[in-house]
Amino acid sequence: MLEIQRIRQEKEQIIEGLKKRHFDATKIIDEVISADAAWRQKKTELENVAAQMNSISKEIGILFREGKTDEANAAKAKTGELKEQENKLKNEVDALENDITELMYQLPNVPNELVKAGKSEEDNEIIEEVGTKPVFNHEVFPHWELAEKHDLIDFELGVKVTGAGFPIYKGKGAKLQRALISFFLDEAEKAGYQEHMPPLVVNEASGFGTGQLPDKEGQMYHIGEDDLYLIPTAEVPLTNIYRDVILPDDNFSIKITGYTPCFRREAGSYGKDVRGLNRLHQFDKVEIVRIEHPDNTADALQEMLDHVKGLLDKLGLQYRVLRLCGGDTGFAAAMTYDFEVYSAAQEKWLEVSSVSRFDAFQANRLKLRFKNADKKSQLCHTLNGSALALPRIVAALLENNQTADGIMIPEVLQSYTGFDRI
RNA sequence: GGAGAGUUGGCAGAGUGGUCGAAUGCGGCGGUCUUGAAAACCGUUGUACCGCAAGGUACCGGGGGUUCGAAUCCCUCACUCUCCGCCA
C-alpha cells in the first residue's frame, strides 16, 4: 500500500510512475485525494463533538459526586443532540475511511526509476547473460523423461496420492532435493542470513501483511475449518515476523532466510508450460528476506542479485538476468529482477528466481517501522528473493548435465548428495 | 475432545462505572553524587491521527452493545495458559 502522505505530496510523480505499468491512476488518485480531504474535515468535526461530549460527561461526574443531582440531570438532557451528531459524523468518517482503504488497495507500487515502461514479458530488459548453451553429441531428453528413466521423480504416483502437480521424489531424486536445499541454506548462512524454520500455514492477518490477501486469495490453499492458509512462499511467514514492529533505532539490517515447501493453486494454468517440473502445486524453495533502512535498499538489492548469481555460477548453469518492465513487475514490487536458466532439452528459459525491492509498500501494510534520528517512526524497506526455487533448477540440472554416461552432479553438490552422477 | 483461568504500556503487575492514558516495580533515557563505575537520589519515558501551533481525538486482545460517561457491565469472536484425555 502506498502512503497517503506520499499521494498528497507527490500526486503527479505517482501517476507518471504508474504509467510505466500501463496503469492509469489518475481517477483513483483524484478520488483518494478528495475522499481524504473530506475525511480530514469530517474527522475534525467529529473530534470537536467528541471533545464537547467528553467535557460534559466529566462535569456530570463532578456534579454527581457533589450531590447536585438536579444539575447533573439537566446536563444529561443536553447530550442527546450531540450524541446524534457524533453518531452521524462517525458513520460518515467510517464510510470515508473504507472508501480510501479500498481505493488504496487498488494502487500498485510505483516502479523504480530504472524500470522501463512495458506491458508484458516481451518488454523485459535482458541485463546480463552468463555461460554458454551446452552442446550435445547425443539425443537430449526433457527432464520428465530423464526423471522416469532414472526413477527420480514419479508424477503418476503423486497424482494417485494427491493430484496433478504434487510429484513424489524418489531415491537419488529425493536426495538431490535435500542436497540442493542444504546447499542453498548453507550459502545463505555464509552470506549473513539467519536461518529460520517457519510454520507452513499462516493466519489471515499474515496474508494481508504481505499482500496475498485480499487480491490473490484464490492462489492460496485455504483451510476453512481453522481459517488458515498454506503458504505460497516463505516470504509470508518470514516477513510477517516483523508485522507491527517498531525497531528501536535507525542502525539495523535484518537478513533472514528459510527453506519451506510452497503451495500454490495455480488456478488457470494449463498446457505445455505445466509439463514435468515446470509448474507445480507444491515445490521447495529457499527464500532470502531483508529489512533495511531506506538508504540501504539499493545496496541490499545488489547484494542479493550477486548472491543468486553466485549460486547459479557454482551450479554451473547458464542463466540470464532480466529487469522486469513496469507491466510485468508484481503489484507490490518497485523493481524486480528475474533469473532464468536455460533448459537445453525444452529449448527455453525457465524462471528460477525473482528478486524484488518493495520499498515502503509492504512495510506500510505490515506497520513495520524504525525510529529515525529524530525519534520519529519511519517505514522500513523490505526486499526478498528466491535463492533458489528447486524444481526448475532440478529440471535444468538434469537436462543440461545429461551425458552418454548418465547425469553429472555439479561438484559443489557432491558432498551433499554423496554421489557424482545419476 | 472435556473442564477451568486468563488477555492492561518494553516487561512484570494493580485497577470492577466518573478526577484512568491508566498505580507500583523493573528496564530505557537525562541528571546529581563519584577519579571512573556501582549504589543511592531527582527527573523523564506508549502508539497513531488531525492541527502552523496551542491543543484535541482514538487506542487497556478484535468487533458490537448498555450509559451523559466503560479498562471496569453485557454479547460475540479470536488467542494464550493450566488440568484431564488422546498422541508424534
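Basis for what follows: all heavy atoms, side chains included, without hydrogens, waters or symmetry-related copies.
- The nucleotide whose nearest atom lies closest to any side-chain atom of A/Ile60 is, among B/G56, B/A58, B/C68, B/C68.
- A/Arg264 and A/Tyr221 form no side-chain donor-acceptor contact under 3.5 Å, judged by distance and modelled atom types alone.
- Under 4.0 angstrom from either OP1 or OP2 of B/A48 there lies at least one side-chain N or O belonging to A/Ser377.
- With a cut-off of 3.5 Å on both pairing distances, the Watson-Crick or G-U wobble partner of B/G46 is B/C59.
- When the side-chain nitrogen and oxygen atoms of A/Asn54 are compared with OP1 and OP2 of B/U57, one or more of them lie within a distance under 4.0 Å.
- A/His381 and A/Glu292 share no donor-acceptor pair across their side chains, judged by distance under 3.5 Å alone.
- A gap of 9 Å separates the P atoms of B/C41 and B/C26, to the nearest Å.
- Using P as the reference atom, B/G28 and B/U34 are 23 Å apart when rounded to the nearest Å.
- Nearest to the side chain of A/Glu47, among B/G56, B/G69, B/A58, sits B/G56.
- Nearest-nucleotide assignment on RNA chain B puts the 5′-proximal partner with A/Phe64, out of A/Asp226 and A/Phe64.
- As rounded to the nearest Å, B/C81 and B/A70 have P atoms that lie 33 Å from one another.
- Taking atom P in both B/A78 and B/G63, the straight-line distance is 15 Å, to the nearest Å.
- Residues A/Glu45 and A/Gln41 have side chains that bring a donor and an acceptor to within less than 3.5 angstrom of each other.
- Residue A/Ile246 is the one, among A/Ile246 and A/Asp94, whose nearest nucleotide of RNA chain B lies closer to the 5' end (criterion: closest heavy atom).
- Put simply, A/Arg40 has a side-chain N or O that comes within less than 4.0 Å of OP1 or OP2 on B/G51.
- Here, B/U67 and B/G1 have their P atoms 38 Å apart, quoted to the whole Å.
- Minimum atom distance to the side chain of A/Met53 is reached by B/G69, of the listed B/U57, B/G69, B/C50.
- Rounded to a whole angstrom, the distance from the C1' atom of B/U80 to that of B/U32 is 45 Å.
- For A/Lys83, a side-chain nitrogen or oxygen approaches OP1 or OP2 of B/G69 to under 4.0 Å.
- Put simply, A/Lys371 has a side-chain N or O that comes within less than 4.0 Å of OP1 or OP2 on B/U47.
- No cation-pi contact links A/Lys309 to A/Phe339, judged by a cut-off of 6.0 Å to the six-membered ring centre and 45° from its axis.
- Aromatic ring centres of A/Phe370 and A/His293: separated by under 6.0 Å.
- Rounded to whole Å, the P atom of B/A12 lies 35 Å from the corresponding atom of B/C87.
- Taking atom C1' on both nucleotides, B/C20 is separated from B/A58 by 15 Å, rounded to a whole Å.
- Taking atom CG on A/Leu89 and atom C1' on B/C50, their separation rounds to 14 Å, with Å as the unit.
- Residue A/Arg369 places its side chain closer to B/A48 than to any other of B/C68, B/G51, B/A48.
- Side-chain atoms of A/Gln346 and A/Glu399 form a donor-acceptor pair, as typed in the model, at a separation below 3.5 Å.
- For B/C83, the paired nucleotide is B/G2, the pair qualifying as Watson-Crick or G-U wobble because both relevant distances are below 3.5 Å.
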